[in-house]
Each structure stands twice: as C-alpha cells, then as structure tokens.
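Atom set for the values below is all heavy atoms of this structure, side chains included, hydrogens, waters and symmetry mates excluded.
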Amino acid sequence: MSNAVGPSTVLHQLLDDGAQHDAEYRGSMSNHLPMTLVALYALGADDTRLQAHAAFYARRLLPAPAPQTWPRGEPWPARLGQRAAWPAYRHLFAEWLERETGTAVLRQVLPLLLPGVAGAAFHGLIRVAYATSVGHAGELADALAYWACCHQRLPQPAPGDDTHPAADLHSDPGRVLAQLLHDARNFRSSAGLIAERTLAAAAAPAFARQVRRLQLGDDAQEMLGRLARLAAEGYVQSHDFTVLHLATSAHAMQVLWPLLDEPEAAVRHYWAAFAAAVLGTSWRPGPKPLPPPPDLPWPEVFQRATASDNEHVVKLVFSCREQFRASGDEVYRRAAARAVEA
C-alpha cells in the first residue's frame, strides 16, 4: 500500500498554519484538522476546498500552549502518557527531525509507541501515518508528540497466564472476537470516550489472556489485512463510531508498515487494542450477510466526502479508497458508501 499522498503547496502551508493550534480541544477531543486536510487532498479536494475546511474546523480549536524545552539528557520515553507533555515533546521531536530523517526517527520510536497505540482512540497512530504520507516534518513532529503524550498501554497478562494449548489458538480474528465477546458479555463500561472504554475493557477479567488466542501465523501483514477488512465489514453492519476508528487505524498501520522493524510485535499490540475497543461497541462479529450498501459508485462517494466537513467521514472514505486500491475488495466501497449516505 502506498504511503505517499504527494506534494501540495497549499496543503503544506495549511499544515504549517495548523501548528498554532493545540493537539486537543474541549477537554480531550483530538484535533483532526491536519488529518482531515491530508485526507481531503488525497481524495481530490482543490486548494479552495482545503482552505474552506481549514477555516471551518479551526473555529473549534484552541491556541497551542507556550513552547517548552525538552530537558537535556532526559530519555525521550520518560513522559509517555502525560498529556501535559505535548509542548515539550513537540520541541524534542522537532529538534530530532532536524538532525535525522523522518524514516530514521520513526524506526527508532515506533517500537515504544506501538504498545500505547490505543491512546486517544488511535489518533496518535493515525496522525503520525498521515503526516508520514504527506512528508511534512513539522506535522510529523507534532503528531509524534501527540502519540507520545496520549500513549496508553493496556494491561498485560499475569506471568504464566499468556500461553494457550495449540488447539485453543485461532487464526480467524472474528472467531476470537466472538468468543471474547461471549466471555465478556457481562462487561459494562460507563466511560464516555473511546480510549476510556478501551482501557476499561482491557482490564476486564481474562481479557489479556483471551486476546492472546489469536495466532498470527507466518505473515503478520496478512493478519493486519484481515483486521482491516473485519473493521470495514463491521462498519457496514453496525455504523458504529468506534468501529469507524478501527477501520481508519488499520489503514494507518498499513501506511507505517514499511517502517516497522518488529512487525509481529506491532500487530500484536494493535490487535489487543482493536479487540478491547470492540468490547465497547454495538457491533457483534459473526457470519451474517452484509446489508445492501447505498447504490453509490466511487466517484459519487468521493464527491460527497470532499464536500463534507465531517472529519470522520472524510478519513474513513480516504482509508477505504486506499484499502480498495490495494485489495479490490468491494467491502471497502460498501463501508465508504455507508459513511456518506447520511
């Protein structure tokens, strides 16, 4: 799957301008502006449309906090998961990217960031992938800073509780999810945000052990593709907001795939977050037929998406378009058409 969106002077200028905004607003809502601009551009939006969306979306955003210098000599992972550390992480990654290429920095930091992929509803991952695809160093620094400060590591299995007999392992993530949902049928979370529900689900009894039942096999990338397809299918079936984030985050994982030096570990971290997020949704995976999609060809889907100011619709259609290009699987058109039907 290609990880290059291509150059655009206006897009890069808007990303430059976006550095004036904070990474979150209204408490802990993620700033989607840079991600949506990249997705809109990739879907064919012209400069006027990009500028109009930036003006519309920026009205909800907050000014970026005052710059902070990263303490010299302090290891970069020292403040993972600390929301208030975003200004300092911005400084750290901006300086790092002045000395080394984005590829070099990503190869060094991704192994430590991926265990916290669930943070902020996967938006750290997604923002980094989009910044990487467009080759904007300033946005990549801010995106890495956001992933670092919203890093959310899920509970791990107790010692000796992370092995299964071979007969209890499955290569079908849908089957493992179905069993996990059955075992956790009494799970309830009053948390409102996706990241909070994901963390609560991962702390449910036996979750960490049961999630290890997925057998990756010899091809971790193929398993990531299965998860991407499963998320798209789940969105068609449920129209669930959290499942939408699974679809866009699976695409983001595939964008970063060439930079993963430990792909099996990366997929395991992502799968655990994926499974925990599913527990907090209305979607129940299973062998049921997909509902008929709206009768929308791709050009009309793109037209509706680029005209939309709904950041989640735009991102999902972008992800589905890229997945369809790579696989030819019709489920991605169905998911994209479902997103723009309202």
Identify the heavy atoms of [X] and [Y] that sit nearest to each other, and give their distance.
| X | Y | result |
| --- | --- | --- |
| R284 | V278 | NH1-O, 4.1 Å |
| S8 | L11 | OG-N, 3.1 Å |
| A247 | L316 | CB-CD1, 3.6 Å |
| A250 | L224 | O-CD1, 4.4 Å |
| L199 | P155 | CD1-CD, 4.3 Å |
| L125 | S249 | CD2-O, 3.6 Å |

When rounded to the nearest 0.5 angstrom, what is the spacing between [atom1] in [X] and [atom2] in [Y]?
| X | Y | atom1 | atom2 | answer |
| --- | --- | --- | --- | --- |
| E311 | L37 | CD | CG | 11.0 Å |
| L33 | H21 | CG | NE2 | 6.0 Å |
| L216 | M223 | CG | CE | 5.5 Å |
| R127 | L140 | CZ | CG | 10.0 Å |
| I126 | T248 | CD1 | OG1 | 3.5 Å |
| L246 | M253 | CG | CE | 12.5 Å |

Exercise for the section: Step by step, work out the side chain to side chain donor-acceptor pair (under 3.5 Å) result for D183 and Q179. Expected result: CA-CA 6 Å; D183 293 347; Q179 184 62 50; 2.8 Å; yes
Handout entry: Sequence-distant partners of F122, ring-ring contact (aromatic ring centres under 6.0 Å, His included), two or more places apart
Key =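 Partners of F122 by the ring-ring contact (aromatic ring centres under 6.0 Å, His included) criterion, ordered by chain and then number, come out as Y270.
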Practice task
Give a yes or no on this: more than 12 heavy atoms of other residues, nucleotides or ligands lie within 6.0 Å of atom CD of Q68.
Solution key: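 Correct, the count exceeds 12.
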Problem - Within 6.0 Å of CZ in R83, more than 12 heavy atoms from elsewhere - result: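 Above 12, so yes.
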Is it true that a side-chain atom of [X] and a backbone atom of [Y] form a donor plus acceptor pair closer than 3.5 Å?
| X | Y | answer |
| --- | --- | --- |
| W283 | E233 | no |
| R338 | V236 | yes |
| R79 | W86 | no |
| Q152 | A120 | no |
| R107 | L260 | no |
| N31 | D22 | yes |
| H269 | A266 | no |
| H32 | M35 | no |

Practice task
List the steps, then state whether side chain to side chain donor-acceptor pair (under 3.5 Å) holds for R229 with S327.
Solution key: CA-CA 10 Å; R229 191 193 189 284; S327 69; over 6 Å; no
Can you sort out the partners of [X] under side-chain contact (heavy atoms from CB on, under 4.5 Å), two or more places apart, ordered by chain and number?
| X | value |
| --- | --- |
| R26 | M29, R60 |
| P63 | none |
| F324 | W298, E330, Y332 |
| F241 | I194, H245, H312 |

Consider only side-chain N and O atoms of [X] and [Y], and report whether a donor and an acceptor are under 3.5 Å apart.
| X | Y | value |
| --- | --- | --- |
| D17 | Q13 | yes |
| Q221 | Q254 | no |
| S282 | D240 | yes |

Exercise for the section: Verify the cluster assignment for V128 and W257: are they in a single hydrophobic cluster under the rule of side-chain heavy atoms below 4.5 Å apart? Expected result: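 In one cluster with V128: W257, yes.
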Problem - Hphob cluster co-occupancy, Y89 + Y146, side-chain heavy atoms under 4.5 angstrom - result: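 No; tracing contacts between hydrophobic side chains, which count when under 4.5 Å, never links both residues.
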Mind listing the side-chain donor-acceptor pairs of residues 108-116 below 3.5 Å, one per line with the distance, residues two or more places apart or on another chain?
from: Q108; atom 1: NE2; to: E100; atom 2: OE1; distance (Å): 2.8
from: Q108; atom 1: NE2; to: A104; atom 2: O; distance (Å): 3.0

Handout entry: Close side-chain approach of L181 and P285, heavy atoms under 4.5 Å
Key =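 L181 reaches P285 side chain to side chain.
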Handout entry: Pairwise side-chain contact, R304 with L296, heavy-atom cut-off 4.5 Å (strictly under)
Key =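 Side-chain contact under 4.5 Å: yes.
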Practice task
Sort out for me which residue in L92, V105, T132 forms a side chain to side chain contact (heavy atoms under 4.5 Å, CB included) with L144.
Solution key: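 In the set L92, V105, T132, the residue that makes a side chain to side chain contact (heavy atoms under 4.5 Å, CB included) with L144 is V105.
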Handout entry: T36, L40, V313 screened by side chain to side chain contact (heavy atoms under 4.5 Å, CB included) with S308, the one that passes
Key =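 Result: among T36, L40, V313, V313 is the only option passing the side chain to side chain contact (heavy atoms under 4.5 Å, CB included) with S308.
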Handout entry: Face-on cation placement of R226 at W271 ring, 6.0 Å and 45° thresholds
Key =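 No, R226 does not sit over the ring of W271.
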